[in-house]
Novice: 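One structure coming up, written as structure tokens, with questions to follow.
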Amino acid sequence: MTVPRILVVGGGYVGMYAALRLQRKLRRAEARVTVVNYDSYMTYQPFLPEAAAGSIEPRHVVVPLRRVLSRCEILNGTILRVSLAEKTAEFRPHEGPERVLGFDYLVFSPGSISRVLPIPGLAERGIGFKTVEEAIHLRNHVLGKLDVAASSSDERLRRRALTFVFVGAGFAGVEALGELEDMVSDAVKYFHGLRRQDMRWFLIEATDRILPEVGPDMGRWTAEQFRRRGIDVRLHTRLLSAENGHIVLDDGEEFDAETLVWTAGVKPHPLVRYGDLPLDSRDRVLANEFLQIQGARFAFTAGDTAAVPDLTRPGEFCPPNAQHAVRQARRMADNILATIRSRPCKPYRHTNAGAVAALGLRKGVGQIYGRELRGIVAWLMHRTYHLSRMPTFNRKSRILADWTLALFFRREIVSLGALQRPREEFELAARTTTPHRPAREPVTH
């Protein structure tokens with residue numbers, strides 16, 4: 001008897017949590033699970049701002065898939081196309097020939113990518129904030145600009161280096177800005193000739209409020225707190241150009257900046273367009289209330305790429321956030337098991353618990369079950385909630401250890417920008433090496 005294969009496309013929130021639940025609940029030889037992901041780890045994105053600010057070791061915000069999913073097959077590479085009709089997926093590993101993976105059941109959750117608009121200079125100058133690589137690059141970049149400013153007497157260069165622009169005022173943009181501004185405010189005392197007031201921080205948002213997930217009142221409170229910290233919050237404002245680091249806003253202001261962080265939304269992974277998946281007008285995969293892809297009872301989807309009906313708000317869809325992704329993954333895994341065992345599936349229905357955001361060390365804002373939180377209480381709630389959601393006792397313990405050490409020691413302020421150019425030193429050595437001359441043979445008498 002052939003053991004059915006469950007193919008999980010994507011190892012993010014949905015893919016990893018679904019595979020983990022299947023691994024725990026599948027009976028022996030009931031099915032085998034194959035997880036395909038570009039990286040060999042899952043990134044817990046809510047902790048990226050703290051990793052960028054140096055509060056958490058970067059390796060502690062990622063979860064190694066092979067360790068956590070020890071009973072699953074892990075393949076690293078790219079899925080090029082998914083065919084529901086043929087029950088196949090074209091797979092390209094990082095090295096070696098492409099091959100076709102067959103499946104009996106599908107979990108389609110490749111996640112999302114940044115929604116980059118056709119703004120002049122954005123693709124060349126912008127920095128995203130979705131991966132641990134981007135978070136650490138941003139940290140090194142920001143600290144590197146402090147090094148540049150402290151080492152130069154050129155006022156124009158210093159002003160350009162000390163100007164930081166964040167576009168997009170959702171969770172990613174607000175938390176990244178809050179943590180990094182807090183880090184720089186603490187670090188600047190170690191840079192001779194630099195003052196906190198020399199920094200210019202901008203938060204650019206096209207709509208009329210920031211952090212819509214925590215409600216209008218808490219969004220206004222957050223904007224007020226940022227302005228008190230010297231952060232220039234611009235609502236109803238759009239970025240028009242960033243060519244050569246020259247920032248042009250639609251309110252008429254122009255200035256130079258070496259740092260442009262783009263967090264203005266995401267869009268479904270491009271893979272959704274390659275194959276026969278049913279899509280809506282926003283390129284999301286159409287799903288029913290059981291998280292099944294429309295027209296395919298054996299295929300399931302959830303998370304950023306899925307249009308999942310929100311049963312608590314008829315006519316609307318579940319928002320693409322981590323809270324829904326984790327819950328949907330559990331329901332999806334249970335429905336796959338029910339399908340394998342010829343039992344009825346259960347619909348995905350949720351109760352909105354609210355949202356919390358960290359705005360720097362001991363600073364936060366949130367709304368939990370209708371109750372508004374702010375300051376250190378919200379910050380503690382943010383840490384407690386996300387620590388509880390972090391997979392594995394190993395990762396929980398390491399993050400808790402990082403926080404404990406931070407109570408006694410200051411954050412590191414070293415820029416390891418050379419990590420982006422690991423061979424630069426060796427190439428320099430190779431360019432300056434003189435040709436080898438053989439030693440003269442000794443004269444004998």
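Residue numbers run from 1 in the order of the sequence given. All of these numbers come straight from a predicted model, not from anything done at the bench.
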Novice: Under the salt bridge (charged side-chain N to carboxylate O under 4.0 Å, His left out) definition, can you give me all pairs with a residue in residues 216-234, not counting sequence neighbours?
Specialist: Glu181-Arg229, Asp217-Arg220, Glu224-Arg228, Asp232-Arg234, Arg234-Asp251, Arg234-Glu253
Novice: Just by distance, no angles: are the side chains of Thr43 and Lys130 close enough, under 3.5 Å, to form a donor-acceptor pair?
Specialist: no
Novice: Give a yes-or-no answer on whether the side chains of Thr207 and Glu205 include a donor-acceptor pair shorter than 3.5 Å.
Specialist: yes
Novice: State, yes or no, whether a side-chain contact exists between His386 and Phe47 at a heavy-atom distance under 4.5 Å.
Specialist: yes
Novice: Could you check whether His246 and Phe255 have their ring centres less than 6.0 Å apart?
Specialist: no
Novice: Can Arg349 and Glu289 be counted as an ion pair, charged N to O under 4.0 angstrom?
Specialist: no
Novice: Under a 4.5 Å cut-off applied to non-hydrogen side-chain atoms, are Val8 and Val36 in contact?
Specialist: no
Novice: Holding to side-chain hydrogen bond (donor to acceptor under 3.5 Å, both in side chains), I want the full list of residues that pass it with Lys87, two or more places apart in sequence or in another chain.
Specialist: none
Novice: Hey, are the side chains of Leu359 and Trp379 touching, using non-hydrogen atoms and a 4.5 Å cut-off?
Specialist: no
Novice: Assess the residue pair Thr78 and Arg92 against the criterion (side-chain hydrogen bond (donor to acceptor under 3.5 Å, both in side chains)); give the C-alpha distance rounded to whole Å, side-chain angles, the decisive distance to 0.1 Å, and a yes or no.
Specialist: CA-CA 5 Å; Thr78 305; Arg92 175 190 292 162; over 6 Å; no
Novice: Rounded to the nearest 0.5 Å, how far does CZ of Arg209 lie from NE2 of His236?
Specialist: 11.0 Å
Novice: Could you tell me whether Asp283 and Arg273 have a side-chain N and a carboxylate O separated by less than 4.0 Å?
Specialist: yes
Novice: Check for me whether the distance between the ring centres of Phe290 and Phe300 falls short of 6.0 Å.
Specialist: no
Novice: How far does OG1 of Thr301 sit from CG of Leu286, to the nearest 0.5 angstrom?
Specialist: 10.0 Å
Novice: Check this for me: does any side-chain nitrogen of one of Lys267 and Asp304 sit under 4.0 Å from a carboxylate oxygen of the other?
Specialist: no
Novice: Under a 4.0 Å N-O cut-off, is there an ion pair linking Glu50 with Arg383?
Specialist: yes
Novice: Write down the atom of Ala89, the atom of Phe103, and the distance for their closest heavy-atom approach.
Specialist: N-CE2, 4.2 Å
Novice: So, Asp402 and Arg411, do they make that salt bridge, N to O below 4.0 Å?
Specialist: no
Novice: How close do Met16 and Leu65 get, heavy atom to heavy atom, and via which atoms?
Specialist: CG-CD2, 3.5 Å
Novice: How long is the gap from CG on Leu22 to CE on Met332, to the nearest 0.5 Å?
Specialist: 9.5 Å
Novice: Does some side-chain heavy atom of Phe166 sit less than 4.5 Å from a side-chain heavy atom of Ile231?
Specialist: no
Novice: Could you please spell out the steps behind the side-chain hydrogen bond (donor to acceptor under 3.5 Å, both in side chains) verdict for Thr392 and Asn394?
Specialist: CA-CA 5 Å; Thr392 79; Asn394 178 301; 5.0 Å; no
Novice: Compute whether any side-chain donor of one residue and acceptor of the other, for Asn76 and Arg66, lie under 3.5 angstrom apart.
Specialist: yes
Novice: If you take all heavy atoms of Lys25 and Arg341, which pair is closest and at what distance?
Specialist: O-NH2, 3.1 Å
Novice: Can you give me the closest heavy-atom contact between Gly366 and Ala378, atom names plus distance?
Specialist: N-CB, 4.0 Å
Novice: Any donor-acceptor pair under 3.5 Å linking the side-chain atoms of Gln328 with those of His350?
Specialist: no
Novice: Would you name the heavy atoms of Pro268 and Ile113 that are closest together and state the gap between them?
Specialist: O-CG1, 4.3 Å
Novice: So, Tyr13 and Arg327: side-chain donor and acceptor under 3.5 Å apart, yes or no?
Specialist: no
Novice: Nearest 0.5 angstrom please: His60 NE2 to Trp403 CH2, how far?
Specialist: 12.5 Å
Novice: For a quick test of reading the model, state the closest non-hydrogen atom pair linking Leu117 to Leu122 and the distance between them.
Specialist: O-CD2, 3.6 Å
